[in-house]
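Have a look at the structure below before the remarks.
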Amino acid sequence: MSKDTLGSGGTVGGGGGGSTSGGTAVFKLVPAGNNCSDAVVTGLIEAGTTLAADALITVTVNVTKVGDWTYSTAAANGFSFVGAGNFTATGSQVITLYGVGKPTRAGVFSFTLTIGGGSCLVPVLVATAGTGGTGGGGGNTTGDFYYKATIDGTNYTQNITSTTTDYEPGESMSGSDDVYFGGGINWSSTTAPLPAGKTEFSIGKGIMHGYLSATTAQFKAFFAPASYPYTADISTIDGITVSWTDPSGNPGTNGNDNVWSSDAGTKDQTGSAFKIISATEFIDLAGSYNVIVKAQFNCNLYNEKTGAKKVLTNGEAVVVFGMF
């Protein structure tokens, strides 16, 4: 076990570099499925508000040598994450780094956890002052959203920041009282169709029943951190879909020759997995309620025209779902 003075844990780096660490303990990140870690951000993290004890990063590590440790990330946007303590046993341990400081502005600020030779990027959402938002992998309509995945052995990624002009975080809803939602990384340039060398990505989640009378709390609960099954028909069967547009730049006459989806082709998802890691509420400038979701996943993708198969591994995304 670990006895801590400011958390529990190990050698973590991030916040744009300049972190400091010490101690005699030796440990490393524990992968979660096909992902490099199970790091989660929680607590009230709001611009202009001094961080309280509930603002933290938790992540599982494997301890191979007991001993003491100290760590602090570099400061980013006026805050950082720190910890100190002592491991008294080897094996799997859930460590905690506590947030300290006062975020100066809203947005998403990424901290890199570098533990035992492995690195993972952890985006931390700073909510707009007065909204009472919680921190957790994600962003907002002017912050960071992204997807990354290995598809048939090739790595793909697309990030959206406040300066991105050709992509936007997309959100959609279909249905009336029984509905399903979409959140994605969408091409937004006036250049159409999607040009060669560019990709798109989306996640669908259904079915929410009784949407017309749902509260914001019920909407957020629909995206609660947990594992979810894939569905062969999101309009009639509860579950998840994943869709990806390849970089061929060739949509064909039907517009979907370059689109690959988990619910196309044979729809077989044997051995696939999808897990929501965090769900963070966010009120946009128009006053609309949204939930920013971080998910990790692997699945089979099938071409919507031919049914050909590609295998997606190491999938991770931060997308937004809106309450319309």
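What's counted below: heavy atoms across the whole structure, side chains too, no hydrogens, waters or symmetry copies. Sequence positions, counted from 1, serve as the residue numbers for this chain.
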Counting N and O atoms only, with roles assigned by atom type, does the side chain of [X] sit under 3.5 Å from a partner on the main chain of [Y], one being a donor and the other an acceptor?
X	Y	result
Asn186	Glu200	no
Ser80	Ala75	no
Ser188	Asp166	yes
Glu171	Gly322	yes
Thr150	Gly153	no
Asn86	Asp68	yes
Asp263	Asp233	no
Asp152	Val311	yes
Gln269	Ser262	yes

Validation row: [X], [Y] side chains within 4.5 angstrom (heavy atoms):
X	Y	result
Val291	Thr280	no
Tyr211	Phe222	no
Leu51	Lys102	no
Thr50	Phe79	no
Asp257	Thr253	no
Ile292	Leu125	yes
Thr241	Thr231	yes
Ser288	Asn290	yes

query = Going through the checks in order, is the side chain to side chain contact (heavy atoms under 4.5 Å, CB included) test met by Phe87 and Lys65?
reply = CA-CA 8 Å; Phe87 286 118; Lys65 180 183 177 182; over 6 Å; no
request  = Give a yes-or-no answer on whether the side chains of Thr270 and Asp268 include a donor-acceptor pair shorter than 3.5 Å.
outcome  = yes
Kindly say whether the aromatic ring centers of [X] and [Y] come within a distance under 6.0 Å.
X	Y	value
Tyr98	Phe81	no
Tyr146	Phe201	no
Tyr147	Tyr167	no

Once rounded to the nearest 0.5 Å, what's the spacing between atom [atom1] of [X] and atom [atom2] of [Y]?
X	Y	atom1	atom2	result
Asn256	Ser243	CG	OG	9.5 Å
Lys275	Ile240	NZ	CD1	14.0 Å
Thr245	Asn258	OG1	CG	5.5 Å
Cys299	Leu312	SG	CG	4.5 Å
Thr58	Leu97	OG1	CG	9.5 Å
Asn314	Tyr156	CG	OH	14.0 Å

inquiry  = What verdict does the salt bridge (charged side-chain N to carboxylate O under 4.0 Å, His left out) test give for Lys310 and Asp246, after you've listed the backbone C-alpha separation in whole Å, the side-chain angles of each residue and the deciding distance to 0.1 Å?
reply    = CA-CA 11 Å; Lys310 291 182 180 289; Asp246 70 37; over 6 Å; no
query = Please walk me through it: do Ile151 and Asn155 pass side chain to side chain contact (heavy atoms under 4.5 Å, CB included)?
reply = CA-CA 6 Å; Ile151 301 175; Asn155 295 324; over 6 Å; no
Do you know the tightest heavy-atom contact between [X] and [Y]?
X	Y	result
Val126	Pro103	CG1-CB, 3.6 Å
Glu304	Ala264	CG-CB, 4.0 Å
Lys198	Leu194	O-CD2, 3.3 Å
Val30	Asn62	CG2-N, 3.5 Å
Gly67	Thr24	CA-OG1, 3.3 Å
Tyr302	Lys267	CE1-N, 3.7 Å

Is there a chain of hydrophobic side chains (I, L, V, M, F, W, Y, each step under 4.5 Å between heavy atoms) that links [X] to [Y]?
X	Y	value
Val319	Met208	yes
Ile234	Trp260	no
Phe324	Phe223	yes
Trp187	Val320	yes
Val26	Val63	no

message = With side chain to side chain contact (heavy atoms under 4.5 Å, CB included) as the criterion, how do Met323 and Lys220 come out once you've worked through the C-alpha distance, each side chain's angles and the decisive distance to 0.1 Å?
response = CA-CA 9 Å; Met323 194 172 190; Lys220 183 180 180 182; over 6 Å; no
inquiry  = Checking Ile57 against Val41 for the side chain to side chain contact (heavy atoms under 4.5 Å, CB included) test, could you report, in this order, the C-alpha distance in whole Å, the side-chain angles of both residues, the deciding distance, and whether it holds?
reply    = CA-CA 5 Å; Ile57 295 175; Val41 183; 4.0 Å; yes
Phe297: which of Trp244, Tyr230, Tyr228, Phe274 passes ring pair (Phe, Tyr, Trp, His ring centres under 6.0 Å) = Phe274
ask   = So Phe181 and Phe219, would you call those rings parallel, tilted or perpendicular, with 30° and 60° as cut-offs?
value =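 Answer is perpendicular, since the angle exceeds 60°.
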